[in-house]
Amino acid sequence: MSDNPYSTAVLAWYETNARDLPWRAPDASPWSILVSEIMLQQTPVVRVLPAWQAWMERWPTPADLAEEPSGEAVRMWNRLGYPRRALRLHACAVAITEEHGGEVPSDHATLLALPGVGSYTAAAVASFAFGQRHAVLDTNVRRVLARAETGIEYPPKTQTKGEVALAESLVPGPPSVAARWAVGVMELGALVCTARSPKCADCPIAGQCAWRLAGKPAHDGPPRRAQTYAGTDRQVRGRLLAVLREAEHPVPKDALDAVWDDGVQRERALDGLVSDGLVDPLDDGRFALPG
DNA sequence: AATGCGTGGAA
DNA sequence: TTTCCAAGCAT
């Protein structure tokens, strides 16, 4: 697997079209790249940018964050969503400080063992921070490969082994080229081969795209999961945690009861937050972010 | 393997 | 207004 039919075109496209993102700066530290990757899990770039800046100013190294209570990470996470990621990023900082001499590990398997670091993030950090050769398969790349190679509009809902094998077969041989391919094909998916209204006129591989060549057949199969939010436990959890994030001090139960009427659901959500480690029930009956 | 887990912007 | 979806992970 030394090359693939698209790599030259994608690499050239990336050279002139890449966004100037701070975690892509030549002097970006592995830690700053890891922080960006955790934040970018399911949160758009535009919302991550200011949060990442503030985070890196406050905690420039893993040791800086590891010194703080995990609740400070949850508070700093603010409204990025999925706040368990903040807890896991804090746990990453502790593990890196205590087990890896304060340096983000470069080995893929070691990265994978860190809290909140899965297959994608381990490959991304190994590739972007350390220039290694890995298949970096995120939602953008899955969509590009579904279209260009498989000829379908959208990839399957859950990642398949076939997709992984395909992605691996396309990784260029030399690590430095592989790393640029990884970021380039991801950027192509983010900017051109988008989920809705792909900009095929601007696509460097449009001439080789199986989906476009087939006339862009519409998505076949069940409609793609419409996620409801209003009224869910997720919404309740969000409201409860927002109260604690914005409070300077531990809050009485009344303050939490005020944000959701359904007591059964409210208790279930609060219990969930406690068992996740996002909320600390104090002995005096009040609640706080974890210390 | 399917589900749960936040939030906000765009169409 | 509603729907979609945005660099996933853990269980």
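Keep in mind the model is a prediction, meaning the values are calculated, not measured. Chain naming here is simple, since letters A, B, ... match the order of the sequence lines and numbering starts at 1 in each.
Between A:Leu244 atom CG and B:dG6 atom C1' the separation is 15 Å, expressed in whole Å. Rounded to whole Å, the distance from CG on A:Leu34 to P on C:dC9 is 11 Å. Put simply, OH on A:Tyr154 is 9 Å from C1' on C:dC4, counting in whole angstrom units. The distance from atom CZ of A:Arg47 to atom P of B:dG6 is 13 Å, rounded to the nearest whole Å. In this structure, the CD atom of A:Gln41 is 15 Å from the C1' atom of B:dG4, given to the nearest Å. In this structure, A:Tyr82 atom OH and B:dG8 atom P are separated by 13 Å, rounded to whole Å. The separation between A:Asp276 atom CG and C:dA10 atom P is 13 Å, rounded to whole Å. Per the geometry, NE2 belonging to A:His219 stands 14 Å off C1' belonging to C:dC5, to the nearest Å.
Closest to the side chain of A:Ala195, from the set C:dC5, B:dG6, C:dG8, is C:dC5. Among B:dC5, C:dA6, B:dT7, the nucleotide with an atom closest to any side-chain atom of A:Thr139 is C:dA6. Comparing B:dG6, C:dA7, B:dT7 by their nearest atom to the side chain of A:Leu21 picks out C:dA7. Of all nucleotides listed (C:dC9, B:dG6, C:dA7), B:dG6 comes nearest to the side chain of A:Tyr229. Nearest nucleotide to the side chain of A:Arg143, out of B:dG4, C:dA7, B:dG9: C:dA7.
Taking atom P in both C:dC9 and B:dG8, one finds a spacing of 23 Å when rounded to whole Å. Rounded to a whole angstrom, the distance from the P atom of B:dC5 to that of C:dA7 is 22 Å.
Using cut-offs of 30° and 60° on the angle between ring planes, the pair A:Tyr154 and A:His219 is perpendicular.
Remark on DNA chain B: of its neighbouring residues A:Asp233 and A:Arg79, the 5'-side contact belongs to A:Asp233, judged by nearest-heavy-atom nucleotide. Along DNA chain B, the nucleotide closest to A:Thr158 and the one closest to A:Leu241 are compared, and the more 5′ of them pairs with A:Thr158. Looking at which nucleotide of DNA chain C each of A:Arg88 and A:Leu40 is closest to, the 5′-most match is held by A:Leu40. Comparing A:Pro115 and A:Arg19 against DNA chain C, the residue whose closest nucleotide sits nearer the 5' end is A:Arg19.
Put simply, A:Thr43 has no side-chain N or O that comes within less than 4.0 Å of OP1 or OP2 on B:dT7. Applying the 4.0 Å criterion to OP1 and OP2 of B:dA10, one finds that A:Arg196 has every side-chain N and O outside that range. Between C:dG8 and A:Gln42, a contact under 4.0 Å exists linking OP1 or OP2 to a side-chain N or O. At B:dT3, none of the side-chain N or O atoms of A:Arg234 fall inside 4.0 Å of OP1 or OP2 (strictly under the cut-off).
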Check your understanding: Do A:Glu37 and A:Arg85 pass the salt bridge (Lys or Arg N to Asp or Glu O under 4.0 Å) test, and can you show the C-alpha distance, the side-chain angles, and the key distance before you say yes or no?
Key -> CA-CA 11 Å; A:Glu37 289 302 334; A:Arg85 290 182 292 163; over 6 Å; no
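Using a 4.0 Å cut-off between charged side-chain N and carboxylate O, A:Arg266 and A:Asp261 make no salt bridge.
Within 4.0 Å (heavy atoms only), A:Trp77 reaches no atom of the nucleic acid at all. Residue A:Val117 is classed as a sugar-phosphate contact, given heavy-atom separations below 4.0 Å to backbone atoms only. Among the protein residues, A:Arg268 comes within range of no part of the nucleic acid, since none of its heavy atoms lies under 4.0 Å from any strand. Backbone-only contact: A:Thr121 has heavy atoms under 4.0 Å from sugar-phosphate atoms and none from a base.
Heavy-atom contacts from other residues, nucleotides or ligands closer than 6.0 Å to CG of A:Asp284 number more than 12. Heavy atoms from other residues, nucleotides or ligands lying under 6.0 Å from CD of A:Glu103 number 12 at most.
Contact check for A:Arg286 versus A:Val251: no side-chain heavy atoms found under the 4.5 Å cut-off.
Donor-acceptor pairing under 3.5 Å, judged by distance alone, is absent between the side chain of A:Ser119 and the base of C:dG8.
Clustering ILVMFWY residues whenever any of their side-chain heavy atoms sit less than 4.5 angstrom apart, transitively, puts A:Ile38 in a cluster other than the one holding A:Leu87.
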